[in-house]
Protein chains: 2
Amino acid sequence: MNDESDEPARQRLTRAEAKSRTRALLLEAAAKTFARKGYAGASVEEIAEGAGFSIGALYSNFGGKEELFLELAATYNSSLISRAAEVLHEHEAGDARAADLGRLLADSADRDVDVALLRSEFWLYAMRNPAVMETLAARLREPRSALEGLVGPTLEQLGAPPEASAKAVATVVAALFDGLVRQRQIDPAQVPDELFGLALRWLFTGIGAA
Amino acid sequence: MNDESDEPARQRLTRAEAKSRTRALLLEAAAKTFARKGYAGASVEEIAEGAGFSIGALYSNFGGKEELFLELAATYNSSLISRAAEVLHEHEAGDARAADLGRLLADSADRDVDVALLRSEFWLYAMRNPAVMETLAARLREPRSALEGLVGPTLEQLGAPPEASAKAVATVVAALFDGLVRQRQIDPAQVPDELFGLALRWLFTGIGAA
DNA sequence: GTCTATATCAAGATAGAC
DNA sequence: GTCTATCTTGATATAGAC
């Protein structure tokens, strides 16, 4: 009784808190390990060790490697969108806005290389497990529609033609970003910071001129 | 002596021919297996069986799984460029050209899903093996400069500004294509055929209007 | 709840027969 | 040159101690 009632201020954790903390640490370690070794290449032992636990602890918290991986895939929403929204609201339409946005995208990509690795792992896994592909598609719908909301006003402002729907343009922007991020890892010199902004400017200029 | 000198017209193969045929079959099976299972997930046994040979035959022709994989990575140049060049020469500049080119790209992507899978596998492998990344970058230089040669004339025709160099635009086009192909596999409805052409049109229109 | 020890299995690679 | 048999390793998952 003493421990639980007299010292709640210390970092004593309830059983539930301890468990959820263990889960969080395991998920974090799993993300790092899957990014570094790939899904098939990663071992549960390495994940457990990375989190500072044993294999047993891992299996007591998750069904196994696959469940850990799918849980991660469900979690990884691109939080990038919200920061992009800030940039868009800070500036009026124009070249400066595209350049700033481009820098933001390039910087985030450089900072979170693991995200790109994991996204590729998720994609490959889903390509090989059709049941998971549907989940992945659903998971990407939210950030995608957020992106649509971001480009929508710009399109109206430009007087974009009907074929340049927010959905279509958002898809193109996301694809462009994805592709540039990957190519930048292969050859950074070929994909300088400015290229992100330039490409966006070309794209929206073209849509406005149609 | 009879066998070798009297029946050359039959499918009798010299030792060297037999070996190179075995190698080709193994490489083909390896491509299929790596695409379906991934690098780490593929087993040499499955590759050998897929080619109709034993594990021993595989090791007699290749150093092992990694060598097989790297040999494949070296081979896979995008032969797409040459077909794209045809389309570009068939049409005058304009919307029809972009639309046709878009259809071509979308169709090839749908036909060769394995290519997209393997390209992702190569990228991930290179991301995790820096020594290989340089090779991958070198390997991509040829098709990339071919693409530059393709977009160059169009850029001149458009009176493109200096920041829209052939290199920069080629990078953007390749990234766009890559991204759209991947997204199309996740949700085909979101990436219709026309989008490839539309995106190209927007891009080049924007470059010309700058 | 977490750890240690282990059963079980699959994979990469090799050696020697043919 | 190719096949069969095998060595060796490393991984998933579980069971029982604490």
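Just the heavy atoms: all of them, side chains too, but no hydrogens, waters or symmetry mates, feed the values below. Numbers restart at 1 for each chain; the letters A, B, ... are given by sequence-line order, proteins then strands.
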- Message: Using whole Å, what does the distance between atom C1' of nucleotide D:dC3 and atom CG of B:L58 come to?
- Response: 13 Å
- Applying salt bridge (Lys or Arg N to Asp or Glu O under 4.0 Å), run through B:R184 and B:D193 and close with a yes or a no. CA-CA 9 Å; B:R184 175 177 247 233; B:D193 278 25; 2.3 Å; yes
- Task: Evaluate the side-chain proximity of B:L70 to B:T135: yes if any heavy-atom separation is below 4.5 Å, no if none is.
- Result: no
- Task: Measure the distance from CG on A:N61 to P on C:dC3 and round it to the nearest whole Å.
- Result: 10 Å
- Message: Can you give me the closest heavy-atom contact between A:F122 and A:L72, atom names plus distance?
- Response: CZ-C, 3.9 Å
- Atom pair distance, as rounded to whole Å: CZ in B:F53 and P in D:dG1: 13 Å
- Quick one: B:L26 CG to D:dT2 P, roughly how many Å, whole number? 8 Å
- Query: Which residues satisfy the ring pair (Phe, Tyr, Trp, His ring centres under 6.0 Å) test with A:F34, sequence neighbours excluded?
  - Reply: A:Y39, A:F69
- Message: If the cut-off is 4.0 Å, is A:T22 near the phosphate of C:dT2, judged by side-chain N/O to OP1 or OP2?
- Response: yes
- Heavy-atom count around B:E134 CD within 6.0 Å, excluding the residue itself: above 12? no
- When you check every protein heavy atom under 4.0 Å of nucleotides 11-18 of chain D, what one-letter string (B, S, -) results, 5' to 3'? SSBB----
- Task: Send over the distance from B:E46 CD to C:dA13 C1', rounded to a whole Å.
- Result: 18 Å
- Within this structure, what is the CG-to-P distance between B:L13 and D:dT2, rounded to whole angstrom? 10 Å
- Message: If I take atom CG in residue B:L68 and atom P in nucleotide C:dA11, what distance separates them, rounded to the nearest angstrom?
- Response: 16 Å
- Which pairs, with at least one residue in residues 55-71 of chain A and sequence neighbours excluded, count as a side chain to side chain donor-acceptor pair (under 3.5 Å)? A:R23-A:E71, A:E66-A:Y125
- Query: B:S54 side chain: which of C:dG1, D:dG1, D:dT4 is closest?
  - Reply: D:dT4
